[in-house]
Amino acid sequence: MSMFGAVDLSALAQRQEPAATAPGAPGADGEAPVYPAPLVVDLTAENLRDVAQVSTEVPVVVVALSPRSQVSVDVAAQLARLAVDMGGRFELARLDADAAPQVAQALQVTAVPTVLALLAGQPVPMFQGAAADEQLRQLLDQLLELAAANGVRGRVAVDADQAPAEPEETEVERAAREAMERGDYAAAIEVYDHAVAQNPGDETLKVARSQVRVLARMDGKDPRALLAAADAAPEDVEAALAGADAALALGDIDAALGRALEVVRSHTGEERERARLRLLELFDVIGASAPEVARARRQLATLLF
């Protein structure tokens, strides 16, 4: 997986001196004091003030997501697991940007997934896009160092039943995951190609393969640079389709589908067919139930017929 727009938290200026811990107070022996707050909370306009209050004692990591963006849902699930693994050293606040647009606007969220932190009520940008667990841990470690330097040293309790339930991993999923962890996206795609050939009616496998293909194309790429390249050479089919991938990585579903549809509209023959197939792949990744996909399907049918 790739990270986009990561911020070096260690370079941020400290806002205040570390708060002194009185002898005998919670945390005086080096153990982080436990703050009475949930490990994972759904952030809304109604509880934003409460979550900001938590951030005066415990670092809060906010992940902006959309149910229509599988990448953002996956990042939220990664962070939920890490909140447990790291012993409640941060609270995770999940922000559904579709359901609470006013909160997303207040936090200057322009794409999903976006991850930021709240420290003493102040937002701290972290990154946009997807990331591997190791990269996430590194950023979270930097955040915790910054929090401690600013006197935010608490944690929340982690109960056994707070750990997110892990669905049982299939052999195909395991093989694909291990390949992606090695950075071998071609091998992961091959795993799904074989599985789809064996089970041609399994739509879940096809969707997973499409997701891996998008991740493979975006691996190590800067989506904003891809968008700029696409805009600079609209006649270049490959650049235009890469721009569609980039828009999707930044959470702009309408722009992603619109860019791919434009390639279908403005090209013929093999180039149009390549764009059509890429659109179908994007439909899989976004989800058939998304209203943007329904609209794009109608537009595609009009263009083709």
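Looking at K221, its side chain never comes within 3.5 Å of a backbone N or O of A242 through a donor-acceptor pair. Judged by distance alone, the side chain of N47 and the main-chain N or O of D42 form a donor-acceptor pair under 3.5 Å. E173 places a side-chain N or O within donor-acceptor distance of the main-chain N or O of T170, the cut-off being under 3.5 Å. Here the side chain of T114 pairs no donor or acceptor atom with the backbone of T110 at under 3.5 angstrom. Remark: side-chain polar atoms of S72 are paired, donor with acceptor, to backbone N or O of S66 under 3.5 angstrom.
In this model, no donor atom of one side chain and acceptor atom of the other lie less than 3.5 Å apart for Q142 and R137. Checking S210 against E281 by side-chain atom types alone, no donor-acceptor pair falls below 3.5 Å.
To the nearest 0.5 Å, atom CE of residue M86 and atom CG of residue L79 are 10.0 Å apart. Taking OH of Y185 as the start and CZ of R217 as the end, the distance is 12.5 Å to the nearest 0.5 Å. Interatomic distance, CG of D184 versus CD1 of I189, reported as 9.5 Å (0.5 Å rounding). Distance CG/L279 to CZ/R272: 11.5 Å, rounded to 0.5 Å. Separation of atoms CD (Q138) and CG (D133) is listed at 11.5 Å; rounding is to 0.5 Å. One distance of note links CG of L300 with CZ of F283; it measures 5.5 Å at 0.5 Å rounding.
When every heavy atom of V212 is checked against every heavy atom of A188, the shortest pair comes out as CG1-CB, 3.9 Å. The nearest pair of heavy atoms linking A256 to A247 is N-CB, 3.6 Å. Between A246 and L226, the closest heavy-atom pair is CB-CB, 3.8 Å. The heavy-atom pair separating A240 from A230 by the smallest distance is CA-CB, 4.1 Å. Across L143 and A117, no two heavy atoms sit closer than the pair CD1-CB, 3.5 Å. Between L43 and A100, the shortest heavy-atom distance links the atoms O-CB, 4.5 Å.
Residues T56 and L119 fail the side-chain proximity criterion, which asks for heavy atoms closer than 4.5 Å. Looking at V34 and R155, their side chains come closer than 4.5 Å, going by heavy atoms from C-beta outward. Between V109 and L116 the shortest side-chain heavy-atom distance falls below 4.5 Å. Counting heavy atoms from C-beta outward, V41 and V51 have side chains that approach closer than 4.5 Å. The shortest side-chain heavy-atom distance between L250 and R224 falls under the 4.5 Å cut-off. You'll find the side chain of V285 stays beyond 4.5 Å of the side chain of V207, heavy atoms only. You'll find the side chain of R278 stays beyond 4.5 Å of the side chain of V263, heavy atoms only. Using a 4.5 Å heavy-atom cutoff, the side chains of Y192 and V172 are in contact.
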Quiz prompt | Evaluation steps, salt bridge (charged side-chain N to carboxylate O under 4.0 Å, His left out), between R153 and E57 | solution = CA-CA 6 Å; R153 299 186 177 87; E57 301 291 340; over 6 Å; no
Practice problem: Could you go through the side-chain contact (heavy atoms from CB on, under 4.5 Å) check for V75 and L65 one step at a time? | Solution: CA-CA 8 Å; V75 171; L65 58 91; over 6 Å; no
Quiz item: Would V124 and L118 satisfy side-chain contact (heavy atoms from CB on, under 4.5 Å), going step by step from the backbone distance to the final call?
Solution: CA-CA 6 Å; V124 179; L118 292 178; over 6 Å; no
Practice problem: Please step through salt bridge (charged side-chain N to carboxylate O under 4.0 Å, His left out) for the pair R295 and D254, ending with a clear verdict. | Solution: CA-CA 10 Å; R295 288 195 299 269; D254 280 325; 3.3 Å; yes
Quiz prompt | Worked check of side-chain contact (heavy atoms from CB on, under 4.5 Å) between V152 and L144 | solution = CA-CA 8 Å; V152 181; L144 293 174; over 6 Å; no
Exercise. Please report the C-alpha distance between V156 and F90 in whole Å, then the side-chain angles of each, then the deciding distance to 0.1 Å, and finally whether the side-chain contact (heavy atoms from CB on, under 4.5 Å) criterion is met.
Key: CA-CA 7 Å; V156 294; F90 66 90; over 6 Å; no
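A 6.0 Å sphere centred on CD of E190 holds no more than 12 heavy atoms belonging to other residues, nucleotides or ligands. The 12-atom threshold is not exceeded at CD of E134, counting heavy atoms of other residues, nucleotides or ligands nearer than 6.0 Å. With a 6.0 Å radius and a threshold of 12 heavy atoms from other residues, nucleotides or ligands, R89 has its CZ atom at or below the threshold. The environment of CD in Q105 is sparse: at most 12 heavy-atom neighbours from other residues, nucleotides or ligands sit within 6.0 Å. Counting non-hydrogen atoms of other residues, nucleotides and ligands closer than 6.0 Å to CD of Q108 gives a total of 12 or fewer.
With R259 as the partner, the side chain to side chain donor-acceptor pair (under 3.5 Å) test is satisfied by one option alone out of D245, D252, D231: D231.
The hydrophobic clustering, which links ILVMFWY residues whose side-chain heavy atoms are closer than 4.5 Å, places L136 and V40 together. Placement of V214 and V73 in two distinct hydrophobic clusters is found when ILVMFWY residues are connected by side-chain heavy-atom separations under 4.5 Å, directly or transitively. Grouping the Ile, Leu, Val, Met, Phe, Trp and Tyr side chains by contacts below 4.5 angstrom, directly or via other members, places I253 with V264. One hydrophobic cluster, built from ILVMFWY side chains closer than 4.5 Å, cannot hold both V112 and L139; they sit in different ones. Transitive grouping of hydrophobic side chains (ILVMFWY, heavy atoms separated by less than 4.5 Å) keeps L261 and V237 in distinct clusters.
Between D202 and R209, none of the side-chain N atoms (NZ, or NE/NH1/NH2) sits under 4.0 Å from a carboxylate O, so this pair counts as no salt bridge. Look at E178 and R182 and you find no salt bridge, because none of the NZ, NE, NH1 or NH2 atoms lies under 4.0 Å from a carboxylate O. Salt bridge present: R274 and E238 bring a charged side-chain N and a carboxylate O closer than 4.0 Å.
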